[in-house]
Amino acid sequence: MTTTTVTVTERRRLTAIRAAWLFDGTHPNLLPDPTLVLDGRTIVSVGSAVAVPDGATVVDLAGATLLPGLVDGHVHLIFDASDDPVSALAGRDDAAAFATMTSFARAAARGGVTTVRDLGDRGYLALGVRQAATADPTLPEILAAGPPITTPGGHCHFLGEDAAGVDGVRAAVRTRAERGVDIIKIMASGGNLTPGSRPELPQYGLAELRAAVDEAHRYNLPITAHAHATQAIVDGLAAGMDSFEHLTFMTTDGVDPVPDEVLAALVRQAVTVGMTVGIAPVPGAARPPGMEARMPAMIANARRMLAAGVNMIAGTDAGIAPIKPPDVIRWAIPQFQQLGMTAAEALHACTARAATALVLGNRKGHLRPGYDADILAVDGNPLSDPSALHAIRAVYVRGTALTR
Ligand SMILES: [Zn+2]
């Protein structure tokens, strides 16, 4: 007998996906007859005239459009999109909550959402899901804020510890930075989800918001403010927030028109606004009546902000209600169109622009060589028919095809 030493050179398997159309994340026109080649977790070539490399596995998605996986800038993995997610969460210990969060994240990925930013958990559990995702290709890429910073008894106080005063806020930012969060989230005003909370009133003053921004930036962390009340928005801008969530300009019984100086500051300071778009059609479920009545004025404000050039992304608040399932961002497109975006601009706001806002623009949000192979394939043409986005043919998360 002879012994033979075999040297195995590991070759990653190439996959070539063919489809009818491709939206690259930015370009307003679809690329016809694309071939996209991926190697492991990375896209290596994309084009109409790309040859299929020798030995590549060919996946033929005839009639489909390839898009970058969707990027949601504001989700809550901790909430389960039930009728009363706050009570449901109160009944779960951390292990049970973690399990719910993981399946919520997995459902997002199955629905084509390959990157999510969690803007409020309990006990830093989203950081654990973020870690799990690095070894589990059925989970989307996750960024996480940890528990939101809020006042004693304030909006979402049940998610964590309170922070009062300038020193308290600074300490809260420091704690989060040391835990390894990706972003700081502060509740600058009250919110709708918390009984007794008043969205139309600020929770923090300018001094506390300034301290929060200063401390976050000392740690090189971005900071975003949940802000409904006009005063909270004004103070947040003066404090130098990097981004805002909601930005509804809610008053006790209505909505303030966006003040001209606020509009100018939003553009001048190049802040990103996470628009709370996306409403899934769920029988019997709707927005709270108070919000429904305010919608026309909120839409008018949002149209003005968009026309002025405010940088908008989708921050759906997935998880907080039945109309906000894990993959609700697919229903954001018609709402963005209602504000004046084209379908391509709306898809851009849910892919490349969102990835840039999340500081992931060098590897997420585009179908380009060198980018992560996060791909949503749908039947039909989502530029001429946004409902095509729901006819999912395939989802690839960092190069792995999810089973459907
Ligand atoms: Zn939220």
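Whatever order the structure lists them in is the order used to number ligands and atoms, beginning at 1.
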Answer yes if the side chains of [X] and [Y] hold a donor-acceptor pair under 3.5 Å, and no otherwise.
X	Y	answer
His157	Thr150	no
Thr248	His228	yes
Asp256	Thr230	yes

Item to check | Shortest-distance N/O/S atom, Asp317 versus the Zn ion (ligand 1) | outcome: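 Answer by atom name: OD1.
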
Next on the checklist: So, of the N/O/S atoms that His76 has, which is the nearest one to the Zn ion (ligand 1)?
Outcome noted: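 His76's closest N, O or S atom to the Zn ion (ligand 1) is named NE2.
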
Checklist entry - Can an N, O or S atom be found in His74 less than 2.8 Å away from the Zn ion (ligand 1)? => result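 Within the cut-off used here (under 2.8 Å), His74 does place an N, O or S atom near the Zn ion (ligand 1).
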
Next on the checklist: For the backbone of Ala172 and the side chain of Arg176, can you confirm whether one donor and one acceptor N or O come within less than 3.5 Å of each other?
Outcome noted: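 Here the side-chain-to-backbone pair exists.
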
